[in-house]
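Since the structure comes first, as structure tokens, the remarks are kept for the end.
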Amino acid sequence: MTEKNIYLPYLMRITKITEESPAVKTFRLEFVDEVAAQNFDFKTGQFGLYSAFGEGESTFCIASSPTRKGYIECTFREVGRVTAALADKEVGDIVGFRGPYGNVFPLEAWKGKNLVFIAGGIALPPLRSVIWNCLDLRDWFKDITVVYGARSVADLVYKHELKEWTERPDIKLVTTVDPGGETPDWTGKVGFVPPVVEQLGLSAENTVAIVCGPPIMIKLTLPVLEKLGFAPDQIYTTLENRMKCGLGKCGRCNTGSSYVCKDGPVYTLAQLNELPAEY
Amino acid sequence: MADTFKLTHENLDSLFAALRKDGRRILAPVDGDGRTELNEVEKPSQVAKGYIQTIMSAKDVVFPKVERLLSYTTAPGTVELHDAEPKALPTVLFGVRPCEAKAFGALDAVFNWDYRDKFFNARLEKMAVIGVSCLKADDACFCTSLGGGPADTAGSDILLTPIESGYLAEVLTVKGKAIQALAPNLFTPGNGVDKAAIAAKLEQAFDQPALTAKLPGMFENELWEDQALRCIGCGACAYVCPTCVCFDIQEEADPKQGQRLRCWDSCGFSMFTLHASGHNPRETQSARWRQRIYHKFSTYPERYQMLGCVGCGKCTRACPVDMNLREHLVEAANV
Amino acid sequence: MEALKQKAKELLQNGDVKAVLGYAVGTAGVRRPHFARNPKQVDALVLDEKCTQNLATYLTKHEVKHLGKVAVVALPATQRALLQLVAERQLRDDAICLLAVDGGEVKTLSSGAEVEQHLALKTDAMPAADKAMIEKLMAMTREQRWAYWQQELSRCVKCYACRNSCPMCYCEHCTMDCNRPQWVPVASHALGNLEYHMVRAMHLAGRCVECGECGRACPVGIPVHLLTFFAEESTAKQFGQRAGHTAKLDYALSTFKPDDKETFIR
Amino acid sequence: MSRIGVFTCHCGENIGATVDCAKVSEMCQHIPGVVHSVDYKYMCSDPGQRMMQEAIKEHSLDGVVVAACSPRMHEPTFRRAVSNAGVNPYMCEMANLREHCSWVHEKSEATTQKAADLIRVLVEKVKHNTPLFPIKVPVTKTAMVVGGGVAGIQVALDIANGGHKVILVEKSPSIGGHMSQLSETFPTLDCSQCILTPRMVEAAQHPNITLMTYSEVEKVDGFIGNFKVTVRKKARKLDEKLCTGCGLCIQKCPNKKISDEFNEGLGTRTAIYVPFPQAVPNKPVIDTLNCTFYKTGKCKVCEKVCPTNAIRFEQEDELVTLDIGAIVLATGFKLMKTEAFPEYGYGKHKDIIDGMQFERLASASGPTAGVMKRPSDGKEPETVVFIACSGSRDRSKGVPYCSKVCCMYTAKHAMLYKHKVHSGKAYVFYMDIRASGKDYDEFVRRAIEEDDVKYIRGRVSKIYEEDGKLIVKGADTLMGGEQVEIKADMVVLATAVQSNDRSEELAQTLHVSYDTYGFFAEAHPKLRPVETNTGGIFLAGACQAPRDIPESVAQASAAAAKVLGLFSQDQLTREPIVAVVNRQAGPTFSYCVGCFLCQTACPYQAIEQEHITARNGDVIKTIARINPGLCQGCGTCVATCRTKAIDLQGFSNEQLYAEIMTL
Amino acid sequence: MTEKFEPKITAFVCNWCTYAGADLTGTSRIKYQSNVRVLRVPCTGRIDFMLLMKAFQKGTDGVIVSGCHPNDCHYTSGNYHARRRWMVYKDLMDFMGVDTNRVTFSWVSAAEGARWAQLVNEVTDNIRNLGPYAEYKELAVAGIE
Ligand SMILES: Cc1cc2nc3c(=O)[nH]c(=O)nc-3n(C[C@H](O)[C@H](O)[C@H](O)COP(=O)(O)OP(=O)(O)OC[C@H]3O[C@@H](n4cnc5c(N)ncnc54)[C@H](O)[C@@H]3O)c2cc1C
Ligand SMILES: Cc1cc2nc3c(=O)[nH]c(=O)nc-3n(C[C@H](O)[C@H](O)[C@H](O)COP(=O)(O)OP(=O)(O)OC[C@H]3O[C@@H](n4cnc5c(N)ncnc54)[C@H](O)[C@@H]3O)c2cc1C
Ligand code: SF4
Ligand code: SF4
Ligand code: SF4
Ligand code: SF4
Ligand code: SF4
Ligand code: SF4
């Protein structure tokens with residue numbers, strides 16, 4: 001009996017590199033192997049482990065929408081050994097990919113609702129996947145609002161798409177940068193994400209909020225949402241606990257008995273409230 | 001129910017020979033330099049006497065401390081991947097204690113939960129366990145508190161219980177039967193020996209189900225900080241533990257080729273969950289100590305309907321600062 | 001013993017210290033480190049020749065520092081470690097409270113200088129058995145030594161009990177954790193093990209206080225302390241500087257004499 | 001990254017004849033990360049460089065390996081070329097195919113292979129190079145000269161004339177140093193005061209020079225171009241602005257019997273005094289140890305007589321902090337005392353004197369007005385014995401080194417004596433005569449030949465007193481060790497030149513190194529003789545080693561030139577090959593644990609402490625910080641640091657590791 | 001293996017003395033064996049013992065470490081610190097059974113071009129006689145299941 005080696009990645013070719021902001025890049029990856037490409041499928045919210053051969057593997061969410069076939073995208077920030085090695089890659093280079101892993105955003109359950117996406121900094125990638133997914137299934141949902149904040153204008157990722165979203169009538173985009181991070185020609189808001197959300201006058205009625213960002217942003221945004229009347233099960237977020245295998249074995253990512261690699265990365269606030277705060 | 005036989009000392013000698021003839025290596029506790037550790041043996045006389053436990057567990061037979069997961073060669077624009085095949089040798093583990101035998105189940109739970117780990121499975125498949133019941137227990141042992149026992153059969157393919165002139169042999173599984181089939185006449189019909197009377201007596205130290213039930217409510221208890229103050233955060237307990245399964249994946253490479261290795265890791269290490277940002281979900285040693293307990297006594301039961309600890313006490317014996325797990329669990333149970 | 005307990009209680013009651021770190025009886029009679037945080041816990045303290053751990057190791061741990069000032073029952077090795085820690089600026093005088101027990105008398109040492117003075121009266125050389133073992137190894141051929149260490153280190157699982165129990169291995173980010181570049185392989189294979197111990201021994205050369213804690217901590221009984229002992233002896237012999245004897249920095253490998261011997265240099 | 005270009009140079013036949021450059025270039029094509037690889041006849045030529053620059057643009061290269069000659073030769077050339085093409089110069093490395101390969105090996109496969117290997121190693125390095133930027137340090141264009149002897153005065157004048165401000169700090173009440181005590185100077189025998197005093201006055205009046213006499217350096221912080229120096233101005237007990245230097249106070253001071261330092265104890269002075277008549281500044285100080293008012297609470301005669309009311313008994317020492325760009329140390333030397341010699345009676349005999357005392361006896365402005373009188377009874381000495389090497393070159397009792405000036409001044413002394421006492425007899429005991437300066441040997445010859453000074457080669461074993469005479473016993477080694485005994489009236493010991501008292505302390509204050517004898521250490525004995533290890537601190541004169549006046553002055557001008565060179569820039573530009581201490585996000589903040597073992601390893605004292613503080617100001621962690629102004633980039637600290645918290649830019653851990661991994 | 005053994009020699013040299021000395025060997029056209037690969041560092045003080053360790057891991061058969069003579073260090077004392085480090089490291093290597101014949105420490109000044117050639121030749125011959133340093137190389141593959 002020969003079993004499959006679950007640690008063996010797919011080989012992927014980098015077909016496009018976008019420099020999003022200093023130290024943040026987006027790769028578009030296509031399968032080297034046709035058959036693998038055919039069989040591959042994922043859902044929004046899932047993640048994978050990306051290999052820089054020679055240095056190791058790193059976990060990123062899949063930043064493209066499953067509705068866009070033939071490739072996957074990831075956006076990552078250069079922080080350490082693997083991400084630095086990935087950042088060195090060129091179009092045409094080969095990287096590894098294992099996945100998709102983890103749970104998904106329950107789009108079916110969101111049918112007929114308003115969606116509010118709230119993202120900070122480099123945490124837009126997981127949301128980008130679901131936003132495009134929702135836009136591609138636009139008639140499933142009612143209003144779609146995106147609030148996106150970054151430290152400075154330079155730190156905003158997906159600048160092209162932000163532009164596209166601004167221009168589209170079926171999505172409302174609010175961008176903001178931290179005070180001091182604006183440029184002279186900046187037309188968005190200036191201020192931190194939580195107050196900006198508060199000013200929007202959102203209604204919690206028939207709405208889900210998807211929040212992603214640095215811990216401090218999340219911590220300060222949740223009370224705002226609560227004030228607006230969002231119940232814990234109306235609020236979604238994704239966790240990024242460190243992981244090595246992505247397969248529920250290496251033992252790093254669990255918080256309580258919940259394994260972020262399998263039961264996550266997508267959680268509702270209601271679920272998180274049940275877990276020990278080890279994330 | 002198991003079939004019970006007798007196995008004389010001479011017959012055990014022959015059984016060893018038969019196993020080796022069948023191409024299996026036999027690993028058994030061997031004395032040396034003041035330690036008892038698993039080593040390859042040829043005959044029963046080489047096996048240690050009077051040991052309670054080996055220091056290291058037998059888990060490296062199925063989950064080695066370093067193991068190749070894959071390798072590759074690189075050249076500009078190309079990568080060639082090579083799957084790794086575990087060198088799984090047919091192995092008989094002789095003389096491991098019932099607690100340790102049982103521990104393979106806890107490993108299996110993780111390695112085959114949802115995704116199946118071919119490395120573990122290939123090795124497990126080639127391994128058979130001839131356990132030997134304990135006649136002695138020490139202050140670190142607490143198998144009976146966790147539903148096991150000094151003569152517990154779980155996990156063994158054959159369990160031997162020392163009796164005068166040899167062993168009581170319980171052939172428990174298909175693998176056990178296969179061993180028996182190598183030399184059927186060595187196993188003579190057994191009589192109704194009272195195993196329990198021979199085996200070590202070990203009192204139950206605490207009520208495990210009750211403890212498991214109350215752990216979720218004790219997460220913030222200051223007990224953990226109190227207990228963990230002494231812990232120096234090494235990996236000794238996890239590395240000797242037969243059920244600890246945490247691992248790290250490491251890359252070793254030069255510009256032309258490389259390999260991905262799996263190596264043991266420990267949730268007690270301060271870097272274990274550390275993010276590049278400096279954020280650490282388990283920042284303090286007490287959080288990490290708590291994780292160790294919760295993983296074994298709360299997460300495991302919830303997730304896999306079994307315990308992540310078999311009460312072997314290896315961690316206690318290995319700990320340089322004598323963190324006695326039994327004692328700490330009793331403490332927790334009494335909160 | 002009673003005097004020690006008395007002193008410990010006094011210190012706790014007066015609020016001079018937040019805990020008294022000493023020894024207590026553990027599993028099957030072994031001695032274990034014991035934090036007495038209230039007078040009641042003081043009663044468990046013991047002090048006899050079975051107490052070996054170098055408690056100075058705890059003084060640099062975040063969690064222990066967090067407690068506040070801790071009084072430490074200090075064996076000579078603990079005192080040496082403390083001096084070295086002071087020299088390496090890991091402890092300030094105002095954080096020092098050592099309880100040195102001599103016969104029935106308990107002495108409180110509360111600064112590097114006091115410890116230095118106290119220690120000067122003691123001679124506490126490397127245990128004879130270790131010395132003999134090092135000599136035995138040096139009498140072997142090089143090939144035999146290689147085989148010996150390969151054999152010993154093959155058992156190492158890189159649990160880092162040796163490092164974490166070492167009072168001088170207080171680095172927050174050990175070389176072993178350094179992955180850019182990955183100097184020492186993480187895996188505990190032959191290379192990873194050899195290099196780990198080689199690097200650690202080099203790091204302890206001129207810093208090892210010869211408490212032997214690392215060797216004692218090793219669950220699989222590798223005499224790793226011989227490596228650090230050897231490295232320390234090598235520096236002591238060649239440069240006349242020794243760790244753990246003064247509260248002032250006197251590190252052999254960051255100082256030099258123009259006429260250090262160089263017979264091996266071609 | 002990793003768009004690397006490899007440019008292999010034939011260097012005409014130099015490389016091309018031995019190494020198959022075309023093949024090397026082809027082999028390099030296949031190294032991961034290399035996107036362009038060519039070979040060319042002369043890479044350093046204009047067309048070669050142009051070709052390289054074009055390739056950089058065409059292939060958007062971000063790293064370059066030039067495989068040519070030694071980097072010690074052309075690294076600057078190619079780095080400049082690369083930089084002109086828009087790539088950071090530090091992204092360019094050179095593989096040495098000429099000196100390290102083609103010139104030292106025969107033409108062969110192996111040699112070509114080695115060439116390719118050398119390149120491969122550097123390609124891996126370049127992959128881990130990061131753009132570096134020259135370090136700019138501002139320069140405060142004020143110099144401080146410590147010590148106002150002839151050396152210090154010369155430095156001050158040179159810098160001042162170069163157009164920059166100088167602060168001259170002198171610990172005694174007047175500048176002038178030892179030279180002001182000398183009578184006449186070898187080898188020309190011109191009067192020391194006559195040539196020095198004009199310089200002293202010039203220094204005092206120079207608009208760019210501020211004198212701070214009776215002052216000492218207390219503390220030095222900062223680094224090259226940016227020192228903060230705290231000077232202690234000792235209380236003169238006098239308002240210098242009001243004092244006109246009339247000297248009435250001195251005349252009237254009742255306390256007249258104080259042993260006079262300037263005259264080396266051969267004369268006396270008052271409690272309020274100027275050290276010598278030509279002192280600069282000519283303002284007295286009150287010697288509070290000897291002043292009657294400070295001893296008894298009564299007197300204040302000086303206060304009463306002072307026409308400008310300048311006396312200030314209540315005056316305290318003052319601490320002044322100054323911004324300084326460069327410091328020159330010119331603190332001179334001291335002379336070993338006659339008390340140091342048991343065989344000569346421990347300085348108990350009044351007529352056994354040292355060289356400086358003889359200078360005072362011979363000086364026209366000295367206690368005897370230049371008339372030869374021996375100290376004990378004021379008689380004219382008929383026989384004088386001069387003993388050279390008293391303490392010098394004496395491993396057992398004195399110092400092992402040669403004091404350098406004694407041979408010369410002993411000859412001078414003997415001559416001066418003979419000039420003053422024509423009938424007198426002068427003997428010189430010596431070991432060797434070291435007279436290697438311009439006109440020096442001639443000078444000694446003159447003493448022997450014209451002035452009939454008797455030179456005896458040998459050591460004096462003993463001197464004792466007998467019938468009012470000093471019996472000098474010694475051996476004449478040139479006469480086969482024959483015993484000599486001379487009955488002398490006076491003996492002059494040419495005692496050893498030593499470093500000043502407390503010079504070690506001063507060195508520590510300034511973070512400069514010093515040798516076993518307390519002389520300040522130069523940065524390099526041959527190539528950087530007036531610099532110290534600490535950037536921006538220079539040396540002049542006898543504080544570095546025994547020196548005579550011409551040498552001290554020459555060195556002073558050299559040090560001044562160094563300072564002027566430094567001051568010619570508004571900002572210092574330094575190669576960014578410096579060490580840095582890792583910083584990262586909290587709660588760790590840095591891999592550095594603050595053990596400061598690296599600190600003693602650094603030859604340049606470039607490692608400082610840095611406190612990481614919480615918002616409320618609490619120190620969370622203390623870590624090392626490398627001062628890029630001081631660091632010279634040796635990397636010793638990097639190898640010392642256990643936690644790998646320090647790294648050296650340009651030769652980083654990752655770079656070297658990558659190089660080795662491709663071996 | 002019929003091929004003749006050609007040792008791999010790695011040299012760690014300082015920029016100011018030995019590297020310059022080796023340059024002089026070149027300008028003087030003194031020939032030596034081509035087995036050596038030179039790694040340039042600013043100062044011997046920079047030569048971390050771990051670099052030597054890694055060179056052995058990568059299969060070096062012999063290592064040369066060389067810099068300025070005592071008292072001639074471009075950085076005044078880097079070599080003194082290095083020398084102490086080597087003294088201890090060499091001892092320790094020996095104690096652990098590493099073959100210290102594989103490491104040659106030397107001082108070669110910028111003027112000693114001939115000496116550099118001689119050193120390289122001596123070391124190369126010596127290592128050629130000792131044969132490949134298999135022990136250490138083999139470590140890199142041992143112990144992985
Ligand atoms: C489910 C999931 C999704 C993620 N999605 C993204 C993404 O879309 N874009 C992105 O830039 N990053 C993402 N991250 C974080 C990313 O995995 C880490 O930044 C990355 O692994 C750092 O790897 P490294 O090898 O370069 O760092 P190393 O040099 O290895 O050092 C940094 C250390 O931090 C560890 N680390 C592990 N997890 C994290 C984490 N969550 N955050 C920070 N450090 C971590 C690394 O494993 C490593 O040990 C995600 C993480 C998870 C778990
Ligand atoms: C007996 C004798 C005779 C000599 N005759 C001759 C001769 O004929 N010809 C010749 O060329 N050379 C002669 N020399 C040598 C000559 O004296 C020296 O070369 C010269 O004085 C050196 O000058 P300098 O400025 O370096 O030091 P110094 O003259 O010693 O001046 C140093 C100055 O620094 C001051 N100072 C010291 N420490 C401090 C401090 N911490 N802070 C502030 N100020 C400080 C001192 O007070 C002094 O003013 C003779 C030397 C001796 C001993
Ligand atoms: S935790 Fe301890 S007692 Fe439990 S199985 Fe592991 S080693 Fe045995
Ligand atoms: S419990 Fe003991 S063995 Fe486990 S990490 Fe703590 S100190 Fe180490
Ligand atoms: S091995 Fe070295 S780096 Fe690691 S903790 Fe010990 S001293 Fe620090
Ligand atoms: S304690 Fe023993 S097994 Fe653990 S790392 Fe140290 S030597 Fe290896
Ligand atoms: S940089 Fe390294 S050696 Fe220096 S203080 Fe920090 S940890 Fe210690
Ligand atoms: S590189 Fe050299 S000069 Fe710079 S800080 Fe380190 S030791 Fe000092």
Side-chain angles (χ1 to χ4, degrees), chain C residues 59-63 65-66 84-92 94 163 166-185 191 195-196 198-208 228 231 235 239 241 243 248-259, chain D residues 124-125 127-128 130 513-516 521 525 581-603 605 607 609-612 619-624 634 636-647 652-662:
Chain C
L59 297 178
T60 51
K61 306 252 180 249
H62 284 293
E63 289 79 0
K65 277 189 165 166
H66 196 71
Q84 190 65 21
L85 288 173
V86 173
E88 297 185 10
R89 303 204 213 174
Q90 300 304 303
L91 284 177
R92 290 210 318 251
D94 59 14
R163 177 188 74 183
C166 167
M168 301 323 298
C169 272
Y170 53 73
C171 311
E172 280 171 287
H173 193 263
C174 172
T175 317
M176 313 308 150
D177 302 325
C178 175
N179 72 356
R180 299 184 72 185
Q182 185 77 55
W183 286 110
V184 179
L191 182 73
E195 294 192 339
Y196 162 47
M198 191 178 255
V199 171
R200 186 169 170 274
M202 273 303 281
H203 287 184
L204 272 302
R207 301 178 58 246
C208 172
T228 57
T235 48
F239 316 121
Q241 284 155 278
K248 282 184 220 64
L249 185 65
D250 184 28
Y251 178 43
L253 293 187
S254 66
T255 48
F256 67 90
K257 290 201 194 76
D259 51 359
Chain D
E124 288 309 317
K125 181 176 186 196
K127 279 189 197 167
H128 293 85
T130 42
S513 335
Y514 48 93
D515 65 19
T516 359
V581 175
N582 149 289
R583 285 302 293 266
Q584 59 172 162
T588 317
F589 297 104
S590 168
Y591 294 167
C592 171
V593 276
C595 64
F596 291 99
L597 300 189
C598 51
Q599 217 173 28
T600 43
C602 175
Q605 281 80 35
I607 303 178
Q609 284 189 24
E610 174 170 17
H611 297 300
I612 295 170
V619 175
I620 308 173
K621 195 173 175 184
T622 302
I623 61 166
C634 66
T636 305
C637 55
V638 181
T640 305
C641 178
R642 311 187 300 287
T643 65
K644 301 294 117 196
I646 315 188
D647 211 343
S652 70
N653 284 324
E654 284 202 79
Q655 287 173 310
L656 297 182
Y657 185 89
E659 289 183 61
I660 296 174
M661 280 301 143
T662 195

Against chain C, label Gln655(D) side chain, backbone, both or neither, depending on which of its atoms sit under 4.5 Å from a heavy atom there. neither

Can you say whether Cys592(D) sits under 4.5 Å from chain C via the side chain, the backbone, both, or neither, judging by heavy atoms?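 The backbone, not the side chain.
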
Which residue out of Cys171(C), Pro258(C), Cys174(C) racks up the most heavy-atom pairs below 4.5 Å with chain D?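 That would be Cys171(C).
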
When rounded to the nearest 0.5 angstrom, what is the spacing between [atom1] in [X] and [atom2] in [Y]?
X: Asn653(D); Y: Arg180(C); atom1: CG; atom2: CZ; result: 11.5 Å
X: Arg92(C); Y: Thr622(D); atom1: CZ; atom2: OG1; result: 8.5 Å
X: Met661(D); Y: Gln182(C); atom1: CE; atom2: CD; result: 10.0 Å
X: Cys178(C); Y: Tyr591(D); atom1: SG; atom2: OH; result: 6.5 Å
X: Arg207(C); Y: Arg642(D); atom1: CZ; atom2: CZ; result: 3.5 Å
X: Tyr251(C); Y: Cys595(D); atom1: OH; atom2: SG; result: 8.0 Å

Just so I know, are the side chains of Phe596(D) and Leu249(C) near enough to count as touching, which here means a heavy-atom distance under 4.5 Å?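 No. Closest side-chain heavy atoms not under 4.5 Å.
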
Spell out, as yes or no, whether a donor-acceptor pair under 3.5 Å connects the side chain of Thr600(D) to the backbone of Thr255(C). no

Between Glu172(C) (side chain) and Thr643(D) (backbone), is there a donor-acceptor pair under 3.5 Å?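 Side chain of Glu172(C) to backbone of Thr643(D): no pair is present.
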
